[in-house]
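Below is one structure, written out as structure tokens, with a few remarks after it.
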Amino acid sequence: MRTETLQFPSNESAIALAGAGEENLKLLSRHTGVQLTLRGRDVTLLGAPKAVERCLQVLQSLAPYWKEEKPIGSPDILTAFHAVDTGQMDEYKDLQKNVLAVTRKGEAIGAKTFRQRQYVKAIQTHDITFGIGPAGTGKTFLAAVLAVQALLNDECDRIILTRPAVEAGEKLGFLPGDLQQKVDPFLRPLYDSLYEFIEPAKIPDLMERGKIEIAPLAYMRGRTLSHAFVIVDEAQNATPAQLKMVLTRLGFRSRMVVTGDITQTDLPNSQDSGLIVTQRILNNIEGIAFCHLSAADVVRHPLVQKIVAAYERQ
């Protein structure tokens with residue numbers, strides 16, 4: 001057996017590494033068989049020599065996060081394990097340094113996993129990118145980050161955010177208000193992504209000037225979307241005809257990101273999901289990228305990752 005003690009710069013940095021309820025230490029232990037004990041700003045490792053060495057490498061690779069007392073989640077740890085085990089430490093260091101944007105609260109935003117980085121690169125290099133994966137993998141959020149940056153850098157004239165207004169338990173006609181008020185609940189996640197980077201008070205003005213448009217998918221029919229960054233969210237709830245319609249709206253100097261989770265469709269059982277059909281039809285067309293994210297890429301509450309993994313096992 002081998003014992004090692006890693007001393008952190010402060011109690012706060014040690015807590016950042018350990019995670020809430022020492023969840024991160026438990027994850028490290030499950031993946032290595034090493035017993036990790038936190039005392040103040042010291043973490044003691046006890047286990048087989050090779051296992052302790054592997055665990056130390058992962059802890060040290062996470063130093064850019066815990067040195068700055070940044071919260072560390074399971075995706076960070078799992079990606080660190082992957083980097084250590086596959087000899088991709090240089091790539092992992094690049095991943096840690098790559099900042100796409102900074103939120104209004106000063107939080108640096110970037111890809112947290114290798115698959116997320118692949119997704120970001122695909123958006124940056126393809127006119128149409130599909131991001132397919134479970135909830136919490138950053139599909140819409142990362143696309144919104146890149147869209148806002150493109151708008152601020154004058155790489156596009158406008159951002160268009162759209163999604164199908166598919167009922168899930170309540171009919172639109174039963175909801176209060178006019179049409180805009182009826183569809184707003186379906187578009188709320190898109191607003192939430194924008195609020196991270198743009199003052200909420202400024203968004204109505206940007207919408208009035210046509211710089212940002214948030215609308216149901218049906219509103220895209222008959223249009224040509226030029227000089228725009230288009231995000232089609234919840235595409236699993238679009239029919240094949242609807243998705244074909246919006247894909248063929250793409251105009252010159254435009255980029256489109258289509259996101260969805262093929263395991264969570266609200267369409268009637270007799271109706272095929274446009275996302276599944278489109279993936280089969282367009283899979284080998286040059287200029288279109290398909291990126292698949294998994295439970296390992298979930299960056300929400302740790303329980304979300306466990307929930308997704310449990311459903312994937314069914």
Should [X] and [Y] count as side-chain neighbours, where that means a heavy-atom distance under 4.5 Å?
{"X": "Leu142", "Y": "Gln116", "answer": "yes"}
{"X": "Val258", "Y": "Leu247", "answer": "yes"}
{"X": "Val120", "Y": "Leu146", "answer": "yes"}
{"X": "Cys291", "Y": "Arg115", "answer": "no"}
{"X": "Ser74", "Y": "Leu27", "answer": "yes"}

### Query
Would Thr239 and Gln242 satisfy side-chain contact (heavy atoms from CB on, under 4.5 Å), going step by step from the backbone distance to the final call?
CA-CA 5 Å; Thr239 66; Gln242 286 175 325; 3.2 Å; yes
### Message
Could you tell me if Lys112 sits above the aromatic ring of Tyr92, with its cationic atom closer than 6.0 Å to the ring centre and no more than 45 degrees from the axis?
### Response
no
### Task
Output yes when a side-chain donor or acceptor of Thr79 lies under 3.5 Å from a complementary backbone atom of Asp76, and no otherwise.
no
### Message
Under a 3.5 Å distance rule, please check whether Ser29 uses its side chain to pair with a backbone N or O of Lys26 as donor and acceptor.
### Response
no
### Task
Mind running ring pair (Phe, Tyr, Trp, His ring centres under 6.0 Å) on Phe141 and Phe197 for me, showing each step along the way?
CA-CA 11 Å; Phe141 185 70; Phe197 303 98; 5.8 Å; yes
To the nearest 0.5 Å, how far apart are [atom1] in [X] and [atom2] in [Y]?
{"X": "Ile276", "Y": "Thr265", "atom1": "CD1", "atom2": "OG1", "value": "7.0 Å"}
{"X": "Leu28", "Y": "Leu17", "atom1": "CG", "atom2": "CG", "value": "7.0 Å"}
{"X": "His292", "Y": "Thr137", "atom1": "NE2", "atom2": "OG1", "value": "12.0 Å"}
{"X": "Leu46", "Y": "Gln35", "atom1": "CG", "atom2": "CD", "value": "5.5 Å"}

Using a strict threshold of under 4.0 Å (side-chain N to carboxylate O), is an ion pair present between [Y] and [X]?
{"X": "Lys70", "Y": "Glu68", "answer": "yes"}
{"X": "Asp85", "Y": "Arg54", "answer": "yes"}
{"X": "Glu196", "Y": "Arg104", "answer": "no"}

### Task
Run the ring-centre check on His227 versus Phe252 and record whether the distance is less than 6.0 Å.
no
#### Entry: No-hydrogen, no-angle side-chain donor-acceptor test under 3.5 Å, Arg39 and Thr44
no
### Query
Please walk me through it: do Arg2 and Glu53 pass salt bridge (Lys or Arg N to Asp or Glu O under 4.0 Å)?
CA-CA 9 Å; Arg2 175 182 172 185; Glu53 180 60 33; 3.2 Å; yes
### Query
Knowing that exactly one of Thr259, Leu217, Ile128, Ile160 qualifies, which makes a side-chain contact (heavy atoms from CB on, under 4.5 Å) with Val232?
Leu217
#### Entry: Working for salt bridge (Lys or Arg N to Asp or Glu O under 4.0 Å), residues Asp127 and Arg255
CA-CA 5 Å; Asp127 289 337; Arg255 185 168 296 166; 5.1 Å; no
